[in-house]
Every structure is written in structure tokens, then in C-alpha cells.
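Note sheet for the following structure.
Letters A, B, ... are given to chains in the order of the sequence lines, protein chains preceding strands, and every chain is numbered from 1.
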Amino acid sequence: MPVEQAPSRRMRGFMAHLRYNGFNVGPAETGDALALLGLLERPDEAATRFGLRTMLCGNREQWDRFDDLFDSYWHGHGLRTKQPARFADGNTQPKRPTLWDKVLPPLDGDASAAASTTTASAAAPIGRDTDEDAQSGSGRLVASDETKLRRTDLRTLHQPDAVAEAERVAETLARAMRYRLNRRRRPHFRGPVVDLRRTIRRNMHRGGDPLDLVRRRAPDRPVNIVVLLDVSGSMKFYSRYFLLFVRGLLSRWLRADAYLFHTRLARVTDVLREQDPLKALDRLSLMTQGFGGGTHIARSLRLFNERYAKQAIDSRTVVIVMSDGYDTDPPEALATELARLKKRARRLVWLNPLLGWKDYEPVARGMAAAMPHIDHFAAAHTLDALAALEDELARL
Amino acid sequence: MQDYQDLQQQLANAGYIAEDSLAMALALARTMKRPLLLEGEAGVGKTEIAKVLAAILDTRLIRLQCYEGLDAGTTLYEWNYQRQLLAIKAHEKDDASAEQIEKQIFSEAYLLRRPLLEAISQDTPPVLLIDEIDRADEEFEAFLLEILSDFQITIPELGTIAATSVPHVVLTSNGTRTLSDALRRRCLYNYVDYPDEAKELAILRAHQPDGDADLLGHVVRFVQALRKEDLEKTPGIAETLDWAAALIGMDFKRLDSDPQALQASLICLLKTERDQKAVAPEVTRRLLGKVA
């Protein structure tokens with residue numbers, strides 16, 4: 001082992017390697033790790049491996065990946081593998097997802113994107129209009145801007161200003177939704193609102209003089225939200241907005257959980273809760289590097305069902321899947337996993353951006369197989385469509 | 001620092017078969033005096049580790065079972081109110097001043113020690129098992145973090161009680177809730193997985209030394225095959241042990257000698273209705289085919 005020669009420098013390199021792969025380790029851990037080498041009776045490879053693993057891992061994903069990372073650093077001469085061998089499929093090809101580039105696709109990159117979709121050509125004019133209106137600036141005009149923005153297919157929004165506006169709307173809607181959920185009131189002895197019907201009933205024997213007031217307030221019944229977001233290539237025009245939408249949900253919602261999937265599944269709740277959006281997106285892109293091509297919806301759902309569902313889902317949970325349903329796994333597998341998911345969750349909502357397209361029918365084989373298990377199938381190509389979710393959630 | 005393989009041997013002598021990585025984690029936790037966080041499915045023997053550790057260190061095991069709504073009062077200390085009231089009544093006739101009485105009733109004799117206070121005020125370091133930490137609220141987690149870093153507790157009426165010895169802390173979690181990063185960073189971590197065939201057989205042998213070797217081997221292979229099935233609640237080691245004990249109690253010589261009784265005995269392994277339906281007699285036969 002190379003540890004003997006320049007232990008501290010190599011160890012620092014290993015820490016950087018781990019950090020680069022999403023581990024939460026800092027200088028303190030580097031110190032601990034070096035101290036560990038000194039502590040070991042026989043610092044052979046096995047002992048070092050076990051020791052570092054127990055010291056540096058913080059959860060099961062890290063625990064599972066540690067061996068690969070350890071090998072790649074100490075045996076692969078510092079090669080930074082982003083993609084552990086077990087995720088290597090025939091159809092994966094490491095590439096960096098483009099969806100959370102800090103500004104949406106730069107204009108030259110847009111050219112190819114625009115060529116691939118027919119409606120994207122409308123993008124520039126709409127964006128420009130928005131800018132002009134905003135500059136003329138009365139409150140009323142801004143409001144009408146918002147309406148327009150909310151009806152524009154998210155795919156066609158490329159101007160940075162328009163993007164910022166869309167983020168804001170998504171976040172507002174997400175927050176508005178949280179408050180809508182709690183509109184039911186229950187009697188409560190110190191509630192803020194007087195329940196007139198019960199008060200009168202209670203005071204009948206006094207001839208109707210309201211002496212005893214009955215109050216009520218919103219009961220403490222939190223709704224749980226779990227979002228599974230598809231970030232595959234076919235979704236790249238939408239994923240960014242969905243991500244912002246999910247972030248809006250998470251920021252104020254105590255019991256919300258978010259997962260990204262593509263060729264594998266990752267839990268991103270803690271990352272998205274990060275206050276600084278740019279920092280959050282940075283960390284996200286680090287976490288999801290190594291997601292390859294193709295979309296394994298069924299396999300990702302299966303992992304979710306097996307590993308996370310038990311803790312993430314209870315009988316008051318709404319599960320929202322955001323995906324276009326183009327799956328490289330067999331459709332039967334998707335149906336099976338959705339059925340399992342459906343059994344645990346209160347409501348299963350599938351948001352499909354393609355549904356907003358003219359004449360779209362859910363004929364993608366995966367989507368067709370999924371239909372029977374979905375409670376609510378909705379378009380999510382505009383902010384209005386996202387806002388419509390509010391009613392769906394309020395019906396819980 | 002103790003070599004982990006020595007510790008592994010010690011654990012084995014005490015009847016616990018530990019993976020290499022787990023033995024290492026325990027050795028490290030002892031040396032570095034850091035809490036050890038064990039995660040894993042129910043029934044893989046997380047709680048057992050703390051018990052065995054206490055046995056081989058020849059020290060007390062203090063257990064704190066977490067549940068929702070657990071608070072400082074039930075984990076740290078409580079005043080013995082009944083005795084305090086009695087003492088006040090009893091001293092009414094004496095001419096003791098209010099201060100004297102107060103001093104008396106707020107002394108250690110009237111203090112009920114709860115697990116955390118108990119754990120830090122022992123002469124020899126005990127093993128403190130904080131079981132199913134994921135069931136407690138997040139507030140409790142933060143509070144626990146504070147205790148685990150300082151190992152001292154402040155009681156307003158008595159002052160600060162510092163630890164006489166630092167306990168060996170073992171935390172377990174079933175993953176019903178994700179724990180905070182702060183707690184994870186503070187602890188050493190070990191994911192306890194279902195054991196492989198050889199390990200599970202060794203565990204079973206340790207518990208059933210008189211059992212027929214062939215039968216035990218088949219039992220382990222059957223359970224290993226069963227874990228690969230699509231079940232709601234995968235059977236843990238505890239279930240394997242139960243089942244083996246049941247089969248031995250039912251005088252089984254071979255697994256396939258009495259299919260009906262075997263099917264009935266599966267209730268030791270399958271704990272939900274769906275699982276019991278999923279493992280129909282045909283499935284059992286298929287699994288038996290793999291075993292034999």
C-alpha cells in the first residue's frame with residue numbers, strides 16, 4: 001500500500017476523492033483518518049479499509065459505494081471513477097447532465113435544441129415581450145405578464161429573466177398549496193376562530209346567549225409529499241423547472257421528500273433544502289454525475305420501494321412522479337412497481353409534460369402500463385398545470 | 001488499540017458472530033471513545049451487539065429505548081416527588097428552617113436517575129445502548145448530541161454533574177426516519193446487513209449446538225433463498241433462530257419430510273398476511289428444491 005510513503009498527502013487525496021463523490025468529509029475527518037492509521041495494530045489493507053469505512057460513511061449509500069471508491073483510489077492510482085462498476089450497464093455512457101447549468105442552455109447550445117423541437121422557435125419572441133412589458137412596469141402589467149408566463153410551455157422559456165420569473169411562480173404556487181391543504185377546522189379550546197354553529201348549540205340552555213365560546217383551529221395533520229423526478233435526457237427541458245418546483249415544496253414543507261432518478265435513484269431532499277439555490281444545484285450536479293443514458297423508471301421505482309418506501313411513505317402521503325414515461329425497462333415491471341407503490345401511498349399523481357402537447361395520447365408502452373395504477377394523471381408543461389395540482393392535493 | 005480480529009474472536013466466544021467490518025467498528029469505537037451508529041433492517045442483530053459487548057467487557061448494559069415523544073425528563077433524571085412530599089410532612093414537627101428542608105429534599109437521595117444520567121455516573125464505563133434512535137423526535141436527537149459530546153448534565157438544583165466515566169455508546173436505527181447529518185458525523189457508522197450463508201450457519205450453530213448439522217444447513221439455505229423472494233418483511237436472523245428452534249422442537253429430521261407441517265411452521269418466518277400468501281406451498285416446494 002502506498003500509505004507508507006507519503007501517508008498524509010495520499011490521505012488528503014483520498015478525502016478529496018471522496019468529497020468529489022458526494023461524501024461529507026472535511027479536514028477533521030482527514031485528521032481522524034491519519035490518527036486511525038497510527039492506531040491500527042496491523043495497518044494492512046483490510047483493517048484500513050474497514051476502519052476508514054466505519055469512520056467516513058454516514059449512510060447506507062455511502063456504505064455501499066465505499067469499497068468501489070476505495071479500490072479506485074488506492075488501486076487505480078487515483079483514477080476518479082464517477083461510476084461504480086455495479087451501475088455500469090450496456091447502455092450507460094458517463095455524461096454530465098445539462099439540466100442544472102447555472103443559466104439555461106447557452107444560446108449557441110440552443111440552436112441544436114431548437115432544431116429538435118418544433119415549438120421552440122417561439123421561444124425568443126415570448127421572452128422578449130416579457131422583458132418589454134416588465135420594463136413598462138405597472139403592477140397590473142406585471143400581473144398579466146405572470147398569466148402569460150404561466151401559460152407558456154416551460155420548454156420554450158429560455159430568457160434568463162423569464163426563467164427567474166418562472167422560478168418565483170413555481171415557488172409561490174408550491175407554498176400556496178401547503179396552506180390550502182390545511183383549510184379544514186376542528187374544535188379546539190384555544191383556537192383562533194369562534195365556531196358559531198357549535199357555540200349556539202352549546203348555549204341553547206342559556207336561551208341562546210353565547211357565554212361559552214367554542215373555538216376551532218386547523219388540526220395538526222401534516223400531509224406528506226414524496227416527489228420522484230425523472231431527470232433523463234428526454235426530460236431535460238422540464239427538469240429544471242420541476243426541480244425548482246420541488247425545491248419550493250421542500251423549503252417550507254416539513255414532511256416532504258424528493259428523489260431524482262434516471263438510470264439510478266438518489267435521495268436529494270437534504271441537498272435541495274440548501275438555502276442558496278446555486279449551491280444546491282452545484283451539489284446536485286455532483287451527486288448525479290455518472291447517471292448515464294437511458295431511463296430505468298421501473299428499476300428506480302423498485303429501489304425506492306425496497307429501500308425508501310417504508311420510511312418515506314405513510315397513509316397520508318401523496319406520491320408525485322414527474323416523468324414522460326419513456327422507460328427502457330419492460331412496461332410490466334413498471335406496472336408491478338407502481339402497484340406496490342400505490343398500495344402504500346394515499347394518492348399517486350403522475351405529471352407528464354407531454355400531456356400538454358396537442359393530440360398527445362399516453363401510448364408510450366411504459367405510460368400505458370402505468371395508467372391503471374395512477375390516481376391522477378396531469379399535464380405539467382405549464383406553470384398553470386402545476387398550479388392545478390393544488391386542487392388535487394386539497395382533496396386529500 | 002485492540003486488533004479487530006482478536007475482538008472478533010472474543011465476540012465469537014461470547015456467542016456473537018460478527019463481520020470483519022463490524023468488529024473493526026467496535027474496536028475503533030472503544031479506542032476513539034466515539035459513539036457507534038448501527039443501521040440495518042430489523043432482526044439482523046443490532047441490539048444484540050450491545051449486549052454482547054457489555055458481556056465481554058464485563059460491564060453493565062444501560063438501555064434507553066426510544067419512542068416518539070421521548071423527552072429529557074424520562075431520559076435524564078426526575079425528582080422523587082412522593083418521597084419529597086413525605087419528607088416535608090415528616091419534618092413539619094421539627095423546627096427545621098425552610099432552607100434546611102429544601103437542601104435535604106433536593107439532594108441526591110431524592111434523585112431518580114434515568115438511563116443517560118445513570119450511564120455517565122458509573123465507576124466503570126458501562127455500555128449505553130440507545131435503541132431505535134430513529135423513533136425519537138428530532139429535538140431529542142439534538143439534545144442527545146449535546147450529551148454525547150460533553151458527557152455532562154446540568155441539574156439546576158444540584159449543579160453540573162460531569163461524567164465519572166465515558167460510556168461505550170451504541171446507537172441503533174431501523175431507518176424509519178433519516179437522521180441528522182450532525183449525529184451521523186459525530187458517530188462511527190456501520191451498516192449491518194443480512195449475513196451470508198456461512199455466517200448465518202455459524203450463528204445458528206452457536207445457538208443450537210445440539211441441532212442436526214444437515215438440518216441446520218438446510219434451514220439456512222432455505223432462509224437465504226427466501227430472502228431473495230419479493231417479500232414485504234424479509235426474515236432476519238432472529239426469525240431464522242426461531243424457525244430452527246421450532247423445527248427442532250417439532251422433531252424434523254429433514255426439511256422435506258412433512259410438507260404440511262413445514263408450511264405451517266413458516267409462520268415463524270413470514271410476519272405479514274401478504275407474505276404468507278406469497279409463499280404458497282408451490283413456492284415452498286420450489287425453494288426446497290434449491291436447498292436439497
Side-chain angles (χ1 to χ4, degrees), chain A residues 23-26 28-29 31-33 35-67 224 254-255 257 267 269-271 273-274 302 305-314 333 336-337 339-340 343-344, chain B residues 1-8 18-42 134-135 137-138 173-193 227-234 272-274 278:
Chain A
F23 277 57
N24 194 4
V25 291
E29 277 77 14
D32 284 350
L36 166 80
L37 292 185
L39 282 173
L40 288 177
E41 198 87 336
R42 284 178 293 119
D44 56 4
E45 183 183 326
T48 315
R49 179 190 296 261
F50 295 141
L52 288 180
R53 177 148 80 158
T54 192
M55 185 179 278
L56 301 174
C57 291
N59 57 43
R60 183 167 175 194
E61 280 102 66
Q62 294 177 351
W63 181 262
D64 288 346
R65 288 175 67 199
F66 188 85
D67 271 349
N224 210 344
L254 279 177
R255 303 181 55 200
D257 222 358
R267 181 169 183 272
T269 311
D270 301 327
V271 180
R273 282 226 166 94
E274 185 95 52
R302 186 177 167 86
N305 277 332
E306 280 170 4
R307 187 174 292 183
Y308 299 101
K310 209 190 304 171
Q311 63 180 59
I313 296 185
D314 59 25
T336 319
E337 295 310 321
R340 282 175 74 187
K343 252 187 201 159
R344 283 186 191 269
Chain B
M1 167 177 164
Q2 189 187 17
D3 189 63
Y4 74 95
Q5 279 159 343
D6 292 350
L7 184 65
Q8 201 172 17
E19 304 270 346
D20 291 343
S21 60
L22 179 59
M24 184 60 174
L26 283 169
L28 257 187
R30 274 180 65 191
T31 314
M32 300 180 68
K33 300 213 181 307
R34 298 239 311 244
L36 174 61
L37 171 62
L38 301 172
E39 254 184 349
E41 298 291 321
D134 50 332
R135 279 172 198 255
D137 314 306
E138 282 176 43
S173 162
N174 283 337
T176 54
R177 172 171 73 80
T178 42
L179 303 173
S180 73
D181 272 358
L183 187 73
R184 287 179 187 279
R185 277 195 96 150
R186 180 84 201 106
C187 298
L188 299 175
Y189 178 86
N190 199 92
Y191 184 81
V192 188
D193 212 340
R227 285 202 187 113
K228 295 203 181 74
E229 295 290 305
D230 179 21
L231 295 179
E232 245 172 29
K233 168 86 190 65
T234 315
T272 73
E273 190 201 351
R274 179 180 167 267

As a test of understanding, state which of B:L26, B:L37, B:L36 forms a side chain to side chain contact (heavy atoms under 4.5 Å, CB included) with A:T54. B:L36
Is there a side-chain contact between A:R49 and B:D20 (heavy atoms, below 4.5 Å)? no
Under 4.5 Å heavy-atom distance to chain A, tell me which part of [X] shows up: side chain, backbone, both or neither.
X      : result
B:L188 : both
B:R274 : side chain
B:L22  : neither
B:E41  : side chain

With B:R185, which residues qualify under side chain to side chain donor-acceptor pair (under 3.5 Å), at least two apart? A:E29
Run the numbers on A:M55 and B:M32 for side-chain contact (heavy atoms from CB on, under 4.5 Å), then give the verdict. CA-CA 11 Å; A:M55 185 179 278; B:M32 300 180 68; 3.5 Å; yes
Could you tell me which residues satisfy ring pair (Phe, Tyr, Trp, His ring centres under 6.0 Å) with A:F23, sequence neighbours excluded, listed by chain and number? none
Please state whether the side chain, the backbone, both or neither of A:L56 comes within less than 4.5 Å of a heavy atom of chain B. neither
With only heavy atoms counted, which part of A:D257 is less than 4.5 Å from chain B, the side chain, the backbone, both or neither? neither
Shortest non-hydrogen contact from B:M24 toward A:A47: CE-O, 3.2 Å
Kindly say whether A:R53 contributes a backbone atom to a donor-acceptor pair with the side chain of B:Y189 at under 3.5 angstrom? no
Pairs of heavy atoms under 4.5 Å with chain B: top-ranked of A:D32, A:L36, A:N59: A:N59
What is the ring orientation for B:Y191 with A:W63, classed by angle as parallel under 30°, tilted 30 to 60°, or perpendicular over 60°? tilted
